[in-house]
Structure formats: C-alpha cells, structure tokens
Amino acid sequence: MAGKLMRAVQYDSYGGGAAGLKEVEVPVPSPSKGEVLVKVEATTLNPIDWKVQKGALRPFMPKKFPYIPGTDVAGEVVEVGPGVENFKPGDKVIAGLNVGIGGGLAEYCVAKIEVTVPRPAEVSAAEGASLPIAGQTAHGALICAGLKFDGSAPQKNILITAASGGVGHLAVQLAKLGNAHVTATCGARNLDFVRSLGADEVLDYKTPEGAALKSPSGKKYDAVIQCASSIPWSVFEPNLTPDGKVIDLTPGLSTMWTFAVKKLTLSKKQLVPFITSPKAENLAYLAELVKQGKLKVVIDCKHAFSNVGAAWAKCIDGHATGKILCDLVMAGKVMHAVQFESYGGGAAGLKHVEVPIPTPSKGEVLLKFEAITLNPIDWKIQKGMVRPFLPRKFPHIPATDVAGEVTEVGPGVTNFKPGDKVVALLNHLAGGGLSEYGVAKENLTVQRPPEVSAAEGAGLPVAGLTAHQALTQSAGLKLDGSGSQKNILVTAASGGVGHYAVQLAKLGNAHVTATCGARNTDLVKSLGADEVLDYKTPEGAALTSPSGKKYDAVVHCATPIPWSVFEPNLSSNGKVIDVTPGLSSMLTFAMKKLTFSKKQLVPILLIPKGENLQFLVDLVRQGKLKTIIDSKTPLSNAGEAWMKSIDGHATGKIVVEP
C-alpha cells in the first residue's frame, strides 16, 4: 500500500463541530510492529469523539493536529506488521483504536493487535464496530457492579440511565444476562424499545417519577449505571441500597469531587468514576454474544462517507437510539440501473448503466431494492404524455413502487434504521426504481412485516393506493364494512389497480360487478367479484349488470369508454371515477359540473399517504388483500417487463427484481 492515498475525514483544530470536519486525501498508513492495517467497512461514533474535538480533554488529546477521529471500527485485514501472528490478510476483524491517535474515519487504519479480535461471519461490520467503546464500557461497568454474566451471582437491582443510547442499550441486555432486575430511564419515544431489550421497569426521564429515578416497584438499587448527562448525587442517594453505588461512565469535575468526599467520609454509598480499560478478551466475548443472538446491537442511523458531518451532528445532539454508524463500504460505489435519456423509444429506449449509489438527504432513507413493480405512468412519462412536468430531467431512471431493505438513513429520520424491511413510493419527479438502490422519503416509506413478500409489498404503492383513494374518498366506501351497501363496477378488474379495487370494495361491503378478459373471469371471481363480464361480449361492452343493478360508482381502470356507455348504467347519483383521466374525461367532468348533473365523472389524481400504504400492507399481512403477480423479470431484462406494461394485458402486477 506504500504511496497510495485514501479518503479520510479530519479536523485541524479544536472546535467547529460538524462544520470543522474536512474530507481529505492522505497517505494510507503502514502497520508497525504488533499492528495490522485494516480496510475499514464500518466506524461508529461515540461522545468521546466530539468531546476531543471540543477540547474537553486538552492538552492530553488529540496527540497532534490534523486529527482523524473515530476509534471503533470493523473491517478486513489487508496487511500485517512485524511480529503479528494471530492475523493474516483477509481476516474480518473488530478493533478499538487509541483515542489519542484516532484514525477510524478513513478508508484504512492501523490497529494494535491487543485491541483487535476476529469478527465472526454472523456478526455484521455495523454490529462489530459498535462494540469496542460502548460494549466494553457497559461490560466493565456491570462487572464493577458485581454482576456475573453467567447468572450465577445473587440477583441485584440495577438502574441504567439513558438506556436507549449507545452504552445504555447494551448495558440493559448484559445486565439481564447477569440475572439483574433492571430499571431503565429513556425518552418517551423509546419506552417500548427499552422494554424489548429486557428491562423490567422503564421510566420516562421527563416525568416527575423518571426525574426522581424512583423504581415503580419501590426497589432500591444496588448499582446505577449512569450513562446520562450530570444528575446530582442528591437524586441518586435516596434510591440506593445501604451499600449501593453509582458508576458514572462520563465523569466530570462534580463526579470526581463527590467520589473524593464519599471516600474521605467512609460512606457505604459510593460514586465511582469509571474509565474503560479495553481488553481483547472482553471484546471477543461481546462479539460471541452477538453471534449467539444473546446481545443485539441497535443502529440509530447509517451515513455514507460523504455525509459524515450529519453523523457527527447527530452524535453531538445526544438523542441517538443505539449507535451512529459511518459506512465506508458504500463510499464511491456504483450500482446497476436502467434509464432513458429522451422521450420515446419504448423498451428499446432503455439503457443499462452504472451510476453512483445515491446518498439520502434530510428525511430520506437509502434502500437496497428487492422488488420493483411497473405502472402505466412509467412508460407514459417516457412517451411524453406528461411533458413538460415529468420527468424533471434526463437521463431518468423510471419506476416508483419498491420494496427492500433500509441501508442508510438521512438526517432527521426517526422511524427507520438500517436493516428494516420496507415498502416505499418514490417521487415520480425523481424516479429511481429500476436500479439496485434508491432514496425514498420517510413519510412515504412503511414497515414491511415478514408475512409480506417484497413482490407483494412493491405492488401496493401506486396501484393499491389508487384503488384505496378511489373507493374511500370518491366512492365513499368504509372499508370496515360499516357503511350501507353500494353497487360498484370495476373495469379492467384483473389489472394492477383493478384487482386491488375488487378486493377492497368487498371489504367495504359493496356488491361488485367487474369487467375483464375471458381468460381472467375465474381469477376475478376468486377475488370476490359478485358478477364478472367479459368486456369483449355485447353485455360486457355495454357494462350492463347481469342482475340489472345500477352502479353507485364505477372505478374505471380501463382505456377510455364513452360517457354514453356509462350514463344509463349509473344510479341517479352515480359517479364514474376515472383513474387514468385524459382530455375527454376532463371535458366531461367540466360539463357535468357546469350543468349541475347528479351523475358525475370524477378524474382522480393520486395523493399518496404513508398511513394508507401501511393500512394496505397490514391487510396483506392479515390475508385480507392479495397481490397478484403477473410476472417476475430480472433487472438485467427490464425491457421485457417494460414491453409487457406497454402492451396493457398484464394480470396483476409486473415485478422487476434486481
């Protein structure tokens, strides 16, 4: 690696916060005796990182400027220094770097073998990089409290403050392994999360009870693992057992003063300032617990190398849930995508390209796609039918309906974390679906439960939401079935929107008449339609209900049909809800409004809402709504799926898989 350069983030002086960080190119370091050179895959931040920058540890740290911060890393050994026998190039490792020297926010770093351990295949780089400071601090503090992690010691009552943070969330789990009764404090939004980690009692620190640290069951604490900002000794003291101790993980001047006073007065109740002493065997033990599934690392957010400043600012803010991760693997990577560069061209106009993986902005998440579905609007944009509004610019990566896994979150995202399986609707202006990765707005991204496949989830955003909006807002159906029964006609009922509309209308207690091609009549009946018409027969073309019913609403998903065909089949106040309105629809809409006609044509423009998308996903999970898959095509053959969508005869949804 001699002479090679690497990307790194550094600061040149004390202060400055995130604005003081600079992205630079510096030489790749060489490992000295007893060191390994690691290609960094993940680095996590700790409060000590920004405190060093702030000057809280001057003149001891950093040892010199410029300084590359970050100490907790996971990656791959690429070179070993003299005397190294336990590691070889290619080994996956976890390492805790020296805080005074730093080096973690870079593509490569050197680590002492005494603080480097193998990373099991079952432990991700993100999980491993979370353990050196946070994990070992929690582990050491609980040993100081007298816990044994095999559960062999007598049960102790432990309080953990700031239990949703980096150290705190690991301390809760380790304390439970040590057979402790755990009371924990955190913010209101994290109460359920901390309970899920095993805490027996959880206090909202902003309530009077939480501020007083009082156990809801009246217990006194044998030890307090103090991970929060300063709390006066007078608050701790009445909650401790006669020999109780407060173990302060971020000791300041007041802590040291109280510690000295308690020692000098021979008080049985003690305040213990705690400084982590990293040991490879303890780090390896924690990695083994993660491997066995006994310890879970929670990632608050993941930031690409190019967006380290956002991670730094979040760390300073102090309200992260779990660990803040900087992902070095994604830095500079490209992805496979399909785009078009001008209007027209159909499938032949699509081009397979390699483009940079996007970075999520504020309120966005980066997704690794598992399934994408196509909608007619996708090829209509290419055809120029929505110009000059869409696309926003060329080249354009089409498609908006996706399902996948969150790999990174942008600033301000609180509802998702890396690893979450989701369904999302991308912005039509930006597109981005026909690719391996893409960014989605948090408010149009929803959790996808294990019972819902990626393909099923990806079918829902445009098609499912359109059917839902047409039936609930325009037709007035209540999908809990509580409203009066309406007669609903769904045209093109075997298509993307249509097959959802049939099922949702039945949930809304409607009598459903449906049209489709002859080959799909049995399918549409199986979805719940009461009457099915072959649209190519005279009765089907006339839209006449076999039972003679008049329609309170028509969810029109097919190509244009003259108003003269709809009108005699409508009830006196019936309406046609056109989900793909064209010029003739808009003219009819205007005419009916101007003439105060009771029978109306209503053009619908989708207004997507995250809560409605989550509602649909939950229906699929419950088995009340089914996504019909017409076909699955690999991204490498997206042109075939594109042609099928243009053809207009798909049964259900067309899925593309990266």
Got a second to check how far [X]'s [atom1] is from [Y]'s [atom2], nearest 0.5 Å?
{"X": "L271", "Y": "T255", "atom1": "CG", "atom2": "OG1", "result": "5.5 Å"}
{"X": "T116", "Y": "K112", "atom1": "OG1", "atom2": "NZ", "result": "10.0 Å"}
{"X": "Q614", "Y": "L444", "atom1": "CD", "atom2": "CG", "result": "12.0 Å"}
{"X": "L613", "Y": "T445", "atom1": "CG", "atom2": "OG1", "result": "8.5 Å"}
{"X": "T183", "Y": "E201", "atom1": "OG1", "atom2": "CD", "result": "4.0 Å"}
{"X": "I158", "Y": "D222", "atom1": "CD1", "atom2": "CG", "result": "6.0 Å"}

Checking D300 against K417 for the salt bridge (charged side-chain N to carboxylate O under 4.0 Å, His left out) test, could you report, in this order, the C-alpha distance in whole Å, the side-chain angles of both residues, the deciding distance, and whether it holds? CA-CA 6 Å; D300 176 274; K417 62 184 184 303; over 6 Å; no
Item to complete: Please report the C-alpha distance between K51 and T250 in whole Å, then the side-chain angles of each, then the deciding distance to 0.1 Å, and finally whether the side chain to side chain contact (heavy atoms under 4.5 Å, CB included) criterion is met.
Response: CA-CA 11 Å; K51 288 179 180 179; T250 57; 4.1 Å; yes
Sidechain-backbone polar pair: [X] side chain, [Y] backbone, donor-acceptor under 3.5 Å:
{"X": "Q622", "Y": "L619", "answer": "no"}
{"X": "T276", "Y": "P278", "answer": "no"}
{"X": "Y11", "Y": "Q53", "answer": "yes"}
{"X": "K269", "Y": "E237", "answer": "yes"}
{"X": "N239", "Y": "V235", "answer": "yes"}
{"X": "Q270", "Y": "V246", "answer": "no"}
{"X": "T44", "Y": "A129", "answer": "yes"}
{"X": "S435", "Y": "G432", "answer": "yes"}
{"X": "Q226", "Y": "S229", "answer": "yes"}
{"X": "N157", "Y": "Y221", "answer": "no"}

Counting only heavy atoms not in [X], do more than 12 sit closer than 6.0 Å to its [atom1] atom?
{"X": "K176", "atom1": "NZ", "value": "yes"}
{"X": "K609", "atom1": "NZ", "value": "no"}
{"X": "F60", "atom1": "CZ", "value": "no"}
{"X": "K279", "atom1": "NZ", "value": "no"}
{"X": "K291", "atom1": "NZ", "value": "no"}

Over all heavy atoms of both residues, which pair between [X] and [Y] is shortest? Give the atoms and the distance, please.
{"X": "L465", "Y": "L616", "value": "N-CD1, 3.6 Å"}
{"X": "L147", "Y": "A180", "value": "CD2-CB, 4.0 Å"}
{"X": "P358", "Y": "M335", "value": "CD-CE, 3.7 Å"}
{"X": "A74", "Y": "G128", "value": "CB-C, 4.4 Å"}
{"X": "G96", "Y": "P132", "value": "CA-CB, 3.9 Å"}
{"X": "V182", "Y": "A175", "value": "CG2-CB, 3.6 Å"}

Are the side chains of [Y] and [X] in contact, using a 4.5 Å heavy-atom criterion?
{"X": "F274", "Y": "I225", "result": "no"}
{"X": "N98", "Y": "T71", "result": "no"}
{"X": "V409", "Y": "L366", "result": "no"}
{"X": "L286", "Y": "L174", "result": "yes"}
{"X": "F615", "Y": "L625", "result": "no"}
{"X": "L131", "Y": "D72", "result": "no"}
{"X": "E364", "Y": "E442", "result": "no"}
{"X": "V462", "Y": "T400", "result": "yes"}

So that I know where these two stand, are Y14 and F65 an aromatic pair - ring centroids less than 6.0 Å apart?
yes
ask   = Aromatic ring centroids of F369 and Y437 under 6.0 Å?
value = no
The salt bridge (charged side-chain N to carboxylate O under 4.0 Å, His left out) partner of E76 among K39, R119, K92 is K92
Which of E456, E405, E451 passes salt bridge (charged side-chain N to carboxylate O under 4.0 Å, His left out) with K421? Answer is E405
* After noting the C-alpha distance and the side-chain angles of E127 and S130, does the key distance pass the side-chain hydrogen bond (donor to acceptor under 3.5 Å, both in side chains) rule? -> CA-CA 5 Å; E127 291 171 323; S130 300; over 6 Å; no
For T258 and F236, run side chain to side chain contact (heavy atoms under 4.5 Å, CB included): C-alpha distance rounded to whole Å, both residues' side-chain angles, the deciding distance at 0.1 Å, then the answer. CA-CA 12 Å; T258 305; F236 289 121; over 6 Å; no
Begin with the C-alpha distance, continue with both residues' side-chain angles, and end with the deciding distance and a verdict on side chain to side chain contact (heavy atoms under 4.5 Å, CB included) for Q447 and F416.
CA-CA 8 Å; Q447 298 283 357; F416 300 99; 3.5 Å; yes
*Could you go step by step and tell me if N46 and K323 meet the side-chain hydrogen bond (donor to acceptor under 3.5 Å, both in side chains) rule?*
CA-CA 8 Å; N46 296 287; K323 295 294 293 177; 2.6 Å; yes
Ion pair present between K314 and D317, side-chain N to carboxylate O less than 4.0 angstrom? no
Exactly one candidate in V93, V110, I94 meets side chain to side chain contact (heavy atoms under 4.5 Å, CB included) with V38; the answer is V93
Report task. In sequence, state the C-alpha distance, the side-chain angles, and the governing distance for T161 and T185, and then conclude on side-chain hydrogen bond (donor to acceptor under 3.5 Å, both in side chains). Result -> CA-CA 5 Å; T161 62; T185 71; 4.9 Å; no
Candidate pair S277 and Q136, rule side chain to side chain contact (heavy atoms under 4.5 Å, CB included), full reasoning = CA-CA 8 Å; S277 299; Q136 290 195 91; over 6 Å; no
- [ ] For K368 and E436, run salt bridge (charged side-chain N to carboxylate O under 4.0 Å, His left out): C-alpha distance rounded to whole Å, both residues' side-chain angles, the deciding distance at 0.1 Å, then the answer.
- [x] CA-CA 6 Å; K368 180 174 173 53; E436 293 178 292; 5.4 Å; no
